[in-house]
Amino acid sequence: GGPLEATAIQRALAVLGSGGFYTEWFDAAQLGMLCGGGGSLLIERIECSCVMTREFFRAFVELLETGRKGWIVTLVPENTSVDPVRRCLVGADGSVAGDPVCAPEELQELARRGGTYDRILASTTVKAHVQPVGAQGAAYIFGAGHCAEKLAPLLNTLGFFTTVIDDRPDFASPERFPTADRLVVPESFDAVVDTLPIDADSYLVIVTRGHSHDTSVLAQSLKTKARYIGMIGSRKKVADTFEHLSGRGFSGDDLTRVYAPVGLSIGAETPEEIAVSIAAQLVQVRSNKS
C-alpha cells in the first residue's frame with residue numbers, strides 16, 4: 001500500500017507490544033498523499049483468552065467456509081482507557097455471535113435490512129461500525145471443462161462462493177478445481193438445478209460439454225430467481241436454443257434474462273480470455289444489483 005498503510009503497520013506493531021487499542025485519524029495530506037481525504041483507524045490487539053472473542057472468530061470462520069454472509073458490528077467506546085471494544089457477528093439469518101453490542105431486535109433489524117451503515121443504532125452513545133463480510137454472491141458453474149477450469153479460481157478471487165457442477169467425477173474433481181468452494185457430481189444435468197440452493201443472489205454460468213446439456217440447464221435456470229444466467233455459445237447456437245425454449249412455452253421476458261453469448265465482448269478466444277470476460281460480466285451485474 002501507500003503511506004497510510006505503512007503508518008498503520010507501524011502503529012499496529014506498537015500495539016502488539018503494549019496491548020489494548022486506540023483510534024487515530026489520519027490526514028492524507030499530512031502523509032504526503034495527493035488524493036486527499038483521510039481515514040479513521042481502530043488499532044487493537046485481540047486477546048484470545050476471552051470466551052466471546054473465541055466464539056466470534058469461530059462463527060466468522062464458519063460463515064466464510066459455508067459461503068454465507070453477514071455483518072461485523074464493532075462498537076468503539078468514547079473512553080478508550082477504560083472501556084473495551086465490543087463486537088459481534090450478525091448473520092443474514094439474524095443469528096448473533098460474540099458480544100451482543102445492543103438489543104437483539106436492533107441487530108435483527110440490520111440483518112433484515114442488509115446494507116452498510118456507518119451508524120445504525122440510534123440508542124447507543126458510541127459509533128457503530130458495520131462491515132459486510134462473507135460471500136459476495138454464489139456462482140454456479142455448470143460444466144467442468146477448460147473454460148470452467150480457468151473461471152473458477154478467478155471467481156473465487158473476486159469473492160464469489162463458487163460451485164462447480166459436472167456429471168463426470170474425473171472432471172469435477174478437487175485436483176482440477178482446488179479453489180472451488182464446492183463440487184457437485186449429479187447423475188445427469190437433467191434435474192440438477194432443483195438440488196441447488198439458488199436464490200436472488202446466485203449467478204449461473206452454463207458452460208457444459210454439449211448443446212443438449214446447455215439447453216436443459218438453461219430451461220431449469222429460467223425457473224429460478226437467479227440474478228444472473230449466462231450461457232456460452234455462438235450466436236447461431238443461442239438463437240436455436242431460444243427458438244427451442246420458446247416452443248416449450250418460455251416467454252420473451254424469460255429469455256431476455258439470459259446473457260448469451262456469455263461474457264463481455266472483449267474479443268475473447270482462449271479459455272483464459274473467456275474466463276476473464278465472464279468474470280468481468282458477473283462483477284458488472286453484481287455492482288449494479290441495487
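- Residues satisfying the side chain to side chain donor-acceptor pair (under 3.5 Å) test with Arg45, not counting sequence neighbours, are Glu47.
- Residues Thr195 and Pro186 fail the side-chain proximity criterion, which asks for heavy atoms closer than 4.5 Å.
- Residues Arg286 and Tyr228 fail the side-chain proximity criterion, which asks for heavy atoms closer than 4.5 Å.
- Residue Glu105 qualifies as enclosed at atom CD: its count of foreign heavy atoms under 6.0 Å is above 12.
- Asp93 has no carboxylate O lying under 4.0 Å from a charged side-chain N of Arg68, or vice versa, which leaves the two without a salt bridge.
- Looking only at distances, a side-chain donor or acceptor of Arg257 sits under 3.5 Å from a matching main-chain atom of Leu222.
- Nearest heavy-atom pair, Pro261 versus Ser234, reported as atom, atom and distance to 0.1 Å: CG-C, 4.4 Å.
- Residues Ser202 and Asp199 bring a donor and an acceptor atom of their side chains to less than 3.5 Å of each other.
- The backbone N or O of Ala180 sits nowhere less than 3.5 Å from a side-chain atom of Asn156 that would complete a donor-acceptor pair.
- Counting only heavy atoms from C-beta outward, the side chains of Leu204 and Thr224 approach each other to under 4.5 Å.
- Taking the side chain as every heavy atom from C-beta outward, Val15 and Arg11 never approach each other to under 4.5 Å.
- In the hydrophobic clustering of this structure, Ile229 does not group with Ile232; members are Ile, Leu, Val, Met, Phe, Trp, Tyr whose side-chain heavy atoms approach within less than 4.5 Å, directly or through other members.
- Listed by first then second residue, pairs satisfying ring pair (Phe, Tyr, Trp, His ring centres under 6.0 Å) with a partner in residues 138-182 read Phe160-Tyr203, not counting sequence neighbours.
- Put simply, the side chain of Lys150 never gets that close to the backbone of Glu273: no donor and acceptor are under 3.5 Å apart.
- Inspection of the Asp214 and Thr208 side chains reveals an N or O donor paired with an N or O acceptor under 3.5 Å.
- At distances below 3.5 Å, not a single donor-acceptor pair connects side-chain atoms of Ser216 with backbone N or O atoms of His213.
- Under 4.0 Å is where a charged nitrogen must lie from a carboxylate oxygen, and between Asp166 and Arg209 at least one such pair does.
- Contact annotation: the side chain of Thr215 never approaches that of Ser212 to less than 4.5 Å [non-hydrogen atoms, C-beta and beyond].
- Judged by distance alone, the side chain of Asp254 and the main-chain N or O of Ser251 form a donor-acceptor pair under 3.5 Å.
- For the pair Ala226 and Ile198, the tightest heavy-atom approach, listed with the atom from each and the gap, is CB-CG2, 4.0 Å.
- Of the possible donor and acceptor atoms, one in the side chain of Arg86 sits under 3.5 Å from a partner among the backbone N and O of Pro100.
- Under the 3.5 Å distance criterion, the side-chain polar atoms of Arg54 are matched with a main-chain donor or acceptor of Cys48.
- For the residue pair Leu183 and Pro174, the shortest heavy atom distance occurs at CD1-N, 3.4 Å.
- In this structure, the side chain of Gln220 engages the main chain of Val193 through a donor-acceptor pair within 3.5 Å.
- Phe56 and Leu63 fall within the same hydrophobic cluster, defined by Ile, Leu, Val, Met, Phe, Trp and Tyr side-chain heavy atoms under 4.5 Å apart, directly or through other members.
- Here the rule is side chain to side chain donor-acceptor pair (under 3.5 Å) with Asp201, and of Lys69, Lys225, Gln136 only Lys69 fits it.
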